[in-house]
Protein chains: 2
Amino acid sequence: MLTIGKLGAQAGVKVPTVRYYEQIGLLPKADRSAGNQRLYSRKALERLAFIRHARDLGFTLEAIRDLLSLSDRPDQSCAAADAIARAQLAEVESRLARLMALKAELERMVVQCAGGRIADCRVIEVLGDHSLCATDHRHPEGEHIA
Amino acid sequence: MLTIGKLGAQAGVKVPTVRYYEQIGLLPKADRSAGNQRLYSRKALERLAFIRHARDLGFTLEAIRDLLSLSDRPDQSCAAADAIARAQLAEVESRLARLMALKAELERMVVQCAGGRIADCRVIEVLGDHSLCATDHRHPEGEHIA
DNA sequence: CTTGAACCTATAGTTGCTAGAGACACTAGG
DNA sequence: CCTAGTGTCTCTAGCAACTATAGGTTCAAG
């Protein structure tokens, strides 16, 4: 049995975050010691590592909740898990495309700032004029960059 | 003079967001009509477009606050603006690198899910085992991961 | 003149944590 | 056995950057 500190260290998750995951029901309520301290099994560590890894991959806690509930019923088709991962992949690809465009624009901005005065600064100028922008900045559903 | 709705529409910013920007001091307090409704000049529209564009580029509101205060004093060196833009570029490049790694891993996950049962699902499996992960997940600041 | 859209304020909710206060529990050394 | 120093407990509040809701007012069109 692990205390919350060891658990967090082994999973790479901070202690308050573990308690937070319990609070929102992503982790089950932990068993307690005689002195009311949380105790975790190896299984709990695996579950937490799963969460940690999925977070690293950019899954939302909601998606992770779904994946966890799927993995709790291992006899069903994995189509649902696949769908979640595919959606996540699409998300990542779109973020990637946007970021590459942004990188190009930022590079243009930075290159053109040659130590002049602000009045001539491309950084300010480019930011002030959307029409100079090569990127497509339409936001179909009011969503922003993560 | 524009009402808040027209302003928002022209800048591509939602009305509550405009009010929020005023509240946190990113936009100056707007003039009001006889009936207490906000009225905006062309200049205010430009300022808002600047903010919108910078947000699209991933600048934080704090960075934007700095850029705006710079652009209010156009006689100074643009070194500061350049520094902000360069920091932003570095941010974007690092996010880009991470996202590309994530994309590779997600693709691996998705490809390997061939319509089997969850028990064999790579999506779940890969998420459960950090060691299968190609990505570098080290945490630079004194975090001990076993 | 009336309807309905757009506006107003104020407050609370969102996501995914993080930080603080003040109190209790456990462990190692003397 | 005592004490010091961690680690843990609960609870509350805060962060970014909005978004949503409630309940009211103003404005422009028909």
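Reminder, nothing fancy here: chain letters follow the sequence lines and each chain counts from 1.
Atom C1' of nucleotide dA13(D) and atom CD of Gln23(A) are separated by 13 Å, given to the nearest angstrom. Atom-to-atom, CG of Leu61(A) to P of dT18(C) comes out at 12 Å; the value is rounded to the nearest Å. Distance CG (Leu39(B)) to P (dC7(C)): 11 Å, rounded to an integer number of Å. Between Glu22(A) atom CD and dC17(C) atom P there is a gap of 16 Å when expressed in whole angstrom units. Summarising the geometry, the separation between OH on Tyr20(A) and C1' on dC9(D) is reported as 20 Å, rounded to the nearest angstrom. Taking atom CG of Asp56(B) as the reference point, atom C1' of dC18(D) lies 15 Å away to the nearest angstrom. At whole-Å resolution of the value, CG in Asp31(A) and P in dC9(D) are 13 Å apart. In this structure, the CZ atom of Arg38(B) is 17 Å from the P atom of dT25(D), given to the nearest Å.
Using a 4.0 Å cut-off between charged side-chain N and carboxylate O, Glu62(A) and Arg65(A) make a salt bridge.
Backbone-only contact: Ile4(B) has heavy atoms under 4.0 Å from sugar-phosphate atoms and none from a base.
Contact annotation: Thr17(A) does not reach the phosphate of dC17(C) (side-chain N/O to OP1 or OP2, under 4.0 Å). Look at Arg19(B) and you won't find any side-chain N or O under 4.0 angstrom from OP1 or OP2 of dA10(C). Remark: Tyr21(B) is not in phosphate contact with dA17(D), judged by side-chain N or O atoms under 4.0 Å from OP1 or OP2. Residue Ser33(A) places at least one side-chain N or O closer than 4.0 Å to OP1 or OP2 of dC26(C).
In this structure, the nucleotide among dC18(D), dC8(C), dC17(C) sitting nearest to the side chain of Arg32(B) is dC8(C). Candidate nucleotides dA17(D), dT18(C), dC9(D) were compared by shortest atom distance to the side chain of Pro16(A), and dT18(C) ranks first.
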